[in-house]
Undergrad: 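Here you go, one structure.
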Amino acid sequence: MLRLFDSVHGEVRALRQREAGRLSMYVCGPTVYDLPHLGHGRFTLVWDVARRWFTFSGLEVQFVSNITDIDDNIINRAQREESSEEQVAALYEAHWWDAMAAIGVARPNATPHATQYVAEMVTLIESLLASDVAYVTSDGVYFDVSRVPDYGLLAGQPLDSLRAGARVEANDEKRSPLDFALWKSAKSGEPSWPAPFGAGRPGWHTECVVMSLDLLGNGFDLHCGGLDLKFPHHENERAQAVASGRPFAQHWGHNGWVMVGDQKMSKSLGNFTSLTDLLEKTDARAYRLLVLRSHYRSPIEVSPATVADAERALARLDALARRFELRALGGEQLERASDFVFEGDASDLFNRVSEALDNDLDTPSAVAMLFDALSDANAMADRGDANSAKEMANAVNALFGSMGLALLATTNEIDSASATLVRERDEARALRDWDGADRLRDELVALGWIVEDSSAGTQIRRA
RNA sequence: GGCGGCGUGGCCGAGUGGUUAGGCAGGGGCCUGCAAAGCCCCGUACUCCGGUUCGAAUCCGGACGCCGCCUCCA
């Protein structure tokens, strides 16, 4: 049975489906005003892995993730760069999808944009105003959190204690410091949309509730995002749904942050590393492996050292892929267990990995098991048990594939000069001319090749 | 002030009371002309102090240290 930590109940519990066999899942996406950073990379990887595992397990997953394409940050950036909000959003959305493709995060089934949903948001705000849950001030429309009896459910604190610690600056027109903007009144030079309660633009918290309910319907199964969205963003989404009388997400999942040193990587601290930068220097799969090796709810340290560590571990996986000529999985393709055959020891592996991943996405355990299995496969092959070895290697590949991690048996174009050196080295070795063979190996290494001997002779691949 | 989390061997990082997590790095061995890859073996751990228990990294209490949320953030 599929079990996942639910932030509302603070415990791991069954992840139920509204419709048998189908899982509806919404993940809060990025605001596109800058390059994606490591935190974006983590949350997209975590929920991509979740989606892939659910799919692998046989569920039909409906995965929706939004793009916030209108927001203060976008407006600020546009003004700073003397550009338009549309241009800023389009540019960084393009960067976003490039980065997603690079880290192998599969496209959502739907990617609603806030600006496409303004009319629906206006309708929601109107109804909240009509029921007096929202009120108009000089700078917009606010939601009155006191009208939602269980406000604070996700925060794990009642309204009073949240209010006591509120750090929001006082605003005379707001009834409570915790009340949040549903609609921000138009300012000159900023994009705005007409509305009965005054032209303006939507607040961040309103778009996700509208888009998720529109695309996934009332009482959809799972709503996910970074831990920092739990409060107030998700709380506020939920509040709007509750106030509208619409059942909202039945299960809430939150992933831990990326740490820089001992601190959370965050906007206010400005201690970002862009995902784009990381990808220029590293095999993108190393980041996925790094994410898989720690639990999704734990903080992870992403540093040159931890990334390099993951890259070296990856080399072991790729060596397996070369040895057994495994087919690369992952990317846009979502695998299904039903497309693979697991027999004997491989079947046992499959069962144990399934149990781990079904239990709150315990990827660290799964990865540990797969590394054990990798050793087993190599040992079997060393022993001459080629069939069992191949079965096990295939299972390892399939199960890493179920988490979107591709094992690569990289093949390189070998130029004729290098090919000649390889041939000469094999000839030298046949003549037991070790000095000559070593010299030719040095030459190949100097050309950027990794040289390995095998029963089939000199093998080279790019370093 | 309220709420929550964390403190594991050289590093990263799991861990559901009892038997090896795993990876990286390091040491020894096998294989190999050498190297690489692969296989086998190996180190030391659980912040501190009490308690419960036959037995605790794991449960309880306390101390110390660290981090986060209650503005923006994935």
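Computed from a predicted structure; not experimentally measured. Heavy-atom basis, side chains included; hydrogens, waters and symmetry copies ignored. Chain letters run A, B, ... following the sequence lines, proteins first, then strands; residues in each count from 1.
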Undergrad: Under 3.5 Å, side chain of A/S298 to main-chain N/O of A/S294, donor-acceptor pair present?
TA: no

Undergrad: Determine the contact category for A/S298: base if any of its heavy atoms lies under 4.0 Å from a base atom, sugar-phosphate if only primed atoms, P, OP1 or OP2 are that close, otherwise nothing.
TA: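 Answer is sugar-phosphate: A/S298 comes under 4.0 Å of backbone atoms only.
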
Undergrad: For A/R312, which contact category applies under a 4.0 Å heavy-atom criterion: base, sugar-phosphate, or nothing?
TA: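 Since only primed, P, OP1 and OP2 atoms lie under 4.0 Å of A/R312, the category is sugar-phosphate.
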
Undergrad: In whole Å, I'd like the distance from the NE2 atom of A/H40 to the C1' atom of B/C72.
TA: 12 Å

Undergrad: Which one, B/C70, B/C24, B/C12, comes nearest to the side chain of A/D309?
TA: B/C24

Undergrad: For B/G1, which nucleotide is its Watson-Crick or G-U wobble mate, given both distances must be under 3.5 Å?
TA: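 By the stated definition (distances under 3.5 Å), B/C70 pairs with B/G1.
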
Undergrad: Could you give the CD-to-P distance, from A/E355 to B/U16, as a whole number of Å?
TA: 14 Å

Undergrad: Please evaluate the base of B/G33 for a donor-acceptor partner in the side chain of A/D438 within a cut-off of under 3.5 Å?
TA: yes

Undergrad: Would you mind classifying the nucleic acid contact of A/R3 as base, sugar-phosphate or nothing, using non-hydrogen atoms under 4.0 angstrom?
TA: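 If one applies the 4.0 Å heavy-atom cut-off, A/R3 turns out to touch nothing in the nucleic acid.
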
Undergrad: Reckon A/H254 touches a base, only the sugar-phosphate, or nothing at all at heavy-atom distances under 4.0 Å?
TA: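 If one applies the 4.0 Å heavy-atom cut-off, A/H254 turns out to touch nothing in the nucleic acid.
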
Undergrad: Using the side-chain heavy atoms of A/R429, tell me which of these nucleotides is nearest: B/C34, B/C39, B/C11.
TA: B/C34

Undergrad: If the plane angle is over 60° it's perpendicular, under 30° parallel, otherwise tilted; pick one for A/F248 and A/H223.
TA: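 A/F248 vs A/H223 ring planes: tilted.
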
Undergrad: So which nucleotide does B/G18 pair with, by the Watson-Crick or G-U wobble rule with both distances under 3.5 Å?
TA: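 Matched B/G18 with B/C54 under the 3.5 Å cut-off.
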
Undergrad: With a 3.5 angstrom cut-off on both distances, give the Watson-Crick or G-U wobble partner of B/A25, or none if there isn't one.
TA: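 Pairing partner, where one exists within any strand: none, as none qualifies.
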
Undergrad: Starting from P on B/C30, measure out to CG on A/N378 and report it in whole angstrom.
TA: 20 Å

Undergrad: Below 6.0 angstrom between ring centroids: does that apply to A/H9 and A/W252?
TA: no

